[in-house]
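Numbered from 1 within each chain, the chains take letters A, B, ... in sequence-line order. The figures here come from the full heavy-atom set of this structure, side chains too, leaving out hydrogens, waters and symmetry mates.
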Protein chains: 2
Amino acid sequence: MTQVAEKNRDRISRRQVDKFAERRAQLADAALVTLAELGYARTSLREIAQNSEFSHGVLHYYFRDKADLIMACVRQYNAYCVTRYDQIVATSQSADELKRDFAAGLAKTLREDTAMHRLWYDLRTQSLFEQSFQADVAEIDKSLERMIWRIVSQFAELAGSPPAVSAEVAYAIFDGLFQQGLLKHLSGDTGAASELQAHAELLMGKLVVG
Amino acid sequence: MTQVAEKNRDRISRRQVDKFAERRAQLADAALVTLAELGYARTSLREIAQNSEFSHGVLHYYFRDKADLIMACVRQYNAYCVTRYDQIVATSQSADELKRDFAAGLAKTLREDTAMHRLWYDLRTQSLFEQSFQADVAEIDKSLERMIWRIVSQFAELAGSPPAVSAEVAYAIFDGLFQQGLLKHLSGDTGAASELQAHAELLMGKLVVG
DNA sequence: GAGTTTCTTGGACGATTGTCAAGATTTTTC
DNA sequence: GAAAAATCTTGACAATCGTCCAAGAAACTC
């Protein structure tokens, strides 16, 4: 086989892989919408297909089984949120500004991405029962922890004092706050988002020694 | 109808009601075990019946439908945990003792009641999707919040300084800590419980001003 | 443009689900 | 202890589930 032919085959193969991966992402995206609407327990492959432009059979062409699809969704979800506050961290000039912008960002995504957040909590809880989800969920949780830690440590630096808690504790705190906010928001409490905003601002101040 | 006959009928009726309620509680208890093992999404009525001494048909004699059974389980769960720390609150002589005992209690129940806790998080998350669960879940969540608040406010009193956060925020924080601990504990991290203990002790100190 | 591969469809399958009802069994009533 | 009421078992039902497959449509190769 000539070098040219080999290169050519590689290019083609790569193109096929890309197309395959692209369609997988499309289907995972469509699945995310349905999952976020119905939750893990009530979502079937047929329902996912019906809410997309594909048939239910095609799902098994791109995914080994249901668990494979769900895990792809979980990974896809990661992209939605992990870099959400990086802009804020990079451009903030003062501790106060960072604190305000972060709290406002939390409230905004609680209001706008409600369904996606509840899906995350759903899938994370499923990982407590299904061992096959654990690794991927743990990895995403860790990346969320790092995201929070970037904010907290940058805040501490701008404030001129070291953080008073570890990355794990900081994440656990804001995650707990957010989840409570989500529960209230979804039960019809229209003030839940602004309460979350106030609470986050308050707590961020307490997470650095002073 | 004589007064005696009326009284008699009432007594009988009450006995029947009690028996009915008692068996409902038995069945809900059995259902709790299976639910805690498999999670909401994977638990069927037949599976629940199989793990009990009854047949699957009897479930529909005591419960209108599956949702009715699940809600009875949620309510039953409430009794397990709401008064868990009241003894500690009542007998603690100093802020340090209360803090230590509370943190130790958290770690203990994380280790010993693992499955029941993950069921609670599962059902609470389901309430984000199923409106019919929302009222009961919110009520239990509120009672857990009050439980945490009894501890925090008693700690603040013993420490001689007012709490630095509201009841909602205090609960959100400890709930977030506990959930992270549960995730780690169930993924095989044998140090999760003692880490939770240390984190809870650390944070309790920070939740009062001064 | 024929031949080959890749992609997609829609139906069929066996298993499982929640629900229900008819009948057997037990408990209660008088 | 017979009649009545309650409790419980068993089997059946329609629906839905994940999975698989044969055949058609589309894309690609030479």
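Taking 4.0 Å as the cut-off between side-chain N and carboxylate O, Glu145(B) and Lys142(B) count as a salt-bridged pair.
Between the side chains of Tyr40(A) and Glu130(A), at least one donor N or O lies within less than 3.5 Å of an accepting N or O.
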Show, in sequence, the C-alpha distance, side-chain angles and deciding distance for Phe63(A) and Leu45(A), and conclude whether the side chain to side chain contact (heavy atoms under 4.5 Å, CB included) test is met. CA-CA 11 Å; Phe63(A) 300 95; Leu45(A) 296 179; over 6 Å; no
Apply side chain to side chain contact (heavy atoms under 4.5 Å, CB included) to Val152(A) and Phe155(A), showing your working. CA-CA 5 Å; Val152(A) 172; Phe155(A) 173 77; 5.6 Å; no
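Taking a 4.0 Å limit (strictly below) on heavy-atom distances, residues 29-47 of chain B reaches DNA chain D at Arg46(B). Scanning residues 69-76 of chain B for heavy-atom distances under 4.0 Å to DNA chain D yields an empty list. Taken residue by residue, residues 54-66 of chain A places heavy atoms nearer than 4.0 Å to DNA chain D at His56(A), His60(A), Asp65(A), Lys66(A).
Rounded to whole angstrom, the span from the NZ atom of Lys19(A) across to the C1' atom of dC7(C) amounts to 8 Å. Distance CD (Gln26(B)) to C1' (dT7(D)): 13 Å, rounded to an integer number of Å. In this structure, Ile48(B) atom CD1 and dT16(C) atom P are separated by 17 Å, rounded to whole Å.
In terms of the salt bridge (Lys or Arg N to Asp or Glu O under 4.0 Å) criterion, residue partners of Asp86(B) (sequence neighbours excluded) are, by chain and number, Arg150(B). By the side-chain contact (heavy atoms from CB on, under 4.5 Å) test, Thr114(A) pairs with Leu182(A), His185(A), Leu186(A), sequence neighbours left out. By the side-chain contact (heavy atoms from CB on, under 4.5 Å) test, Ser44(A) pairs with Arg46(A), Glu47(A), sequence neighbours left out.
Contact detail for Arg84(B) and Met147(B): the closest heavy-atom pair is N-SD, 4.4 Å.
Below 30°, between 30° and 60°, or above 60°: for Phe102(A) and Tyr85(A) the angle between ring planes is above 60°, a perpendicular geometry.
Taking CG of Asp68(B) as the start and NE2 of His60(B) as the end, the distance is 9.5 Å to the nearest 0.5 Å.
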